[in-house]
2 protein chains.
Amino acid sequence: MNRMGMMTGNTEVGIQRRYLHDEVADRLRELIRSGQLKPHQHINELELCARFGISRTPMREAIKILATEGLLELLPNRGAHVTSVSQDELDEIMEVIAGIEATAGDLACRNASEGEIDAIAAMTDEMLATFDRRDEAGFFAINWRIHEAIVRAAHNSRLTALYATFTVRIQHMRYSAGRTSTQWQRAADEHRRMVALLRARDCETLCRLMRDHARASKPVILATYGDEHERG
Amino acid sequence: MNRMGMMTGNTEVGIQRRYLHDEVADRLRELIRSGQLKPHQHINELELCARFGISRTPMREAIKILATEGLLELLPNRGAHVTSVSQDELDEIMEVIAGIEATAGDLACRNASEGEIDAIAAMTDEMLATFDRRDEAGFFAINWRIHEAIVRAAHNSRLTALYATFTVRIQHMRYSAGRTSTQWQRAADEHRRMVALLRARDCETLCRLMRDHARASKPVILATYGDEHERG
DNA sequence: GTGCATGATTTTGGACGCAATAAAAATAGG
DNA sequence: CCTATTTTTATTGCGTCCAAAATCATGCAC
């Protein structure tokens, strides 16, 4: 019996938190992020309820949340499925992300503390070291942390939340798509410039650079993951 | 009896749509937008259920959706209340909106059809006419439509949706805050420039202008509606 | 063999009920 | 009379139930 004294089928660890639906939403997001739930895949309420060991009410609330975030699509009387990302939609999402990062660049120049800039600079150095030793996996791992740090350095919680929502679905694409040597070199150079512009507090230029930087990765991702490279 | 053959207390018109929770969410948004539900105000599930003539399940799903959109705030075991906008939060939201409009400006230069630009130009002429005859109410009504049109002209549905979400709470502030003559003049001038830059397809400059334009309205709004000009 | 109608099964959408938490009220103690 | 504690009440969170819709399966005619 679980904490409510009901249901006995806790198959996948027990859930413990303020809101069940909140925890369930996190888990679903993680299933989607990790690819365990694939685009186009249908969501079976009862099956997932059994997996998590909960009833349908919090599951359905979580589904509504994910749908609002755009990760699930609701089909009237036919449940929900994982949102697929078509070529066009991926393009749209990338432009929104580019916009968020551009805004973050501008705001970070205005609001970031010296300490935050130092931290970003340190990570950038670290990343450039991985570049020198051709450690592509290491490079993109740090790359992601730098982008996140810049957005956080904007000191705008809504922007940070928005960034999280929009990157969750395409993060793995963005940081796994194989780049050519030229593209990789360019990314490294641009990151060097980012730090310089942050230090110079040059809002306008960093804003433009961030947008261009994000856009540069667009063709790579579109080529690699058009329609999430699968059809339902 | 309603369509489910249950509950008889349809006090506020019958609801008819694919999803009840969707209709309920729309109604709640409207209640918030119109100010019938005020910031800080507590949401009583049962009371609203009775008003809409529905059960708690779709109401709760709608509440989760509004919370995800940021219009409601959930309090564990104590329901929800309408999100209040503090000075700092208003500043954050305005910067996000500025970012969205800047992105829209850039994309509109790339993607807008000549027809769309003509429509925006026509609305701008109309608005400048209201400016000449000092019709402030008319000015801001058209102003809102122009901003919307530019965002739509970006041809990015996610950006458009994001814009709707972020403006719903502050729209009335943005377009009702009294401007000084100088500020009003500046807004008019900037709108003239927007059309010129759209025609010239000057992405970068329009992007910057949109951000600056949105930011210019920040002090006005902050001064007028600090913490939604009410406490508790 | 294919196309359509009809019935069985699955799954969804929404209503409802129970237990737990928290706010409110009532009581006791200082 | 004011504060601390208990009791009551209100309301929330979640589990469950029922009916409508959709899907699947079967059978029949063409």
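Letters go in sequence order (proteins before strands), and every chain restarts at 1.
Within residues 59-76 of chain B, no residue is approached by DNA chain C to less than 4.0 Å at the level of any non-hydrogen atom.
Side chains of B:His155 and B:Glu116: a donor on one and an acceptor on the other come within 3.5 Å. At a cut-off of 3.5 Å, with distance as the only test, no side-chain donor of B:Thr68 or A:Glu69 sits close to an acceptor on the other residue.
In this structure, B:Arg158 forms no cation-pi arrangement with A:Phe166, as its terminal cationic atom is not both closer than 6.0 Å to the ring centre and no more than 45° off the ring axis.
Rounded to whole angstrom, the span from the CZ atom of B:Phe52 across to the P atom of C:dA15 amounts to 13 Å. Between the OH atom of B:Tyr19 and the C1' atom of C:dT12 there is a distance of 9 Å, given to the nearest Å. For B:Arg56 and D:dC17, the CZ to P distance is 18 Å, given to the nearest whole Å. To the nearest angstrom, C1' of D:dT16 lies 14 Å from CD1 of A:Ile54.
Contact annotation: the side chain of B:Thr124 never approaches that of B:Met194 to less than 4.5 Å [non-hydrogen atoms, C-beta and beyond].
Here the side chain of A:His21 is nearest to one of C:dG13, C:dA15, D:dC14, namely D:dC14.
Along DNA chain D, the nucleotide nearest to B:Ala80 and the one nearest to A:Thr57 differ in position, and the one closer to the 5' end is contacted by B:Ala80.
A:His191 and A:His213 have perpendicular rings, their planes meeting at more than 60° on a 0 to 90° scale where under 30° would count as parallel.
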Please list, pair by pair, any protein nitrogen or oxygen found under 3.5 Å from a nitrogen or oxygen in nucleotides 9-11 of chain C.
| unit_1 | atom_1 | unit_2 | atom_2 | d |
| --- | --- | --- | --- | --- |
| C:dT11 | OP1 | A:Asn44 | ND2 | 3.4 |

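Using modelled atom types, no side-chain atom of A:Glu126 and backbone atom of A:Met123 make a donor-acceptor pair closer than 3.5 Å.
Between B:Ser55 and C:dA15 there is a side-chain polar atom (N or O) within less than 4.0 angstrom of OP1 or OP2.
With sequence neighbours left out, B:Thr57 forms a side-chain contact (heavy atoms from CB on, under 4.5 Å) with A:Arg60, B:Ser55, B:Glu61.
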For this session: Given side chain to side chain donor-acceptor pair (under 3.5 Å), test A:His81 with A:Gln41 step by step and report yes or no.
Result: CA-CA 5 Å; A:His81 64 231; A:Gln41 189 170 336; over 6 Å; no
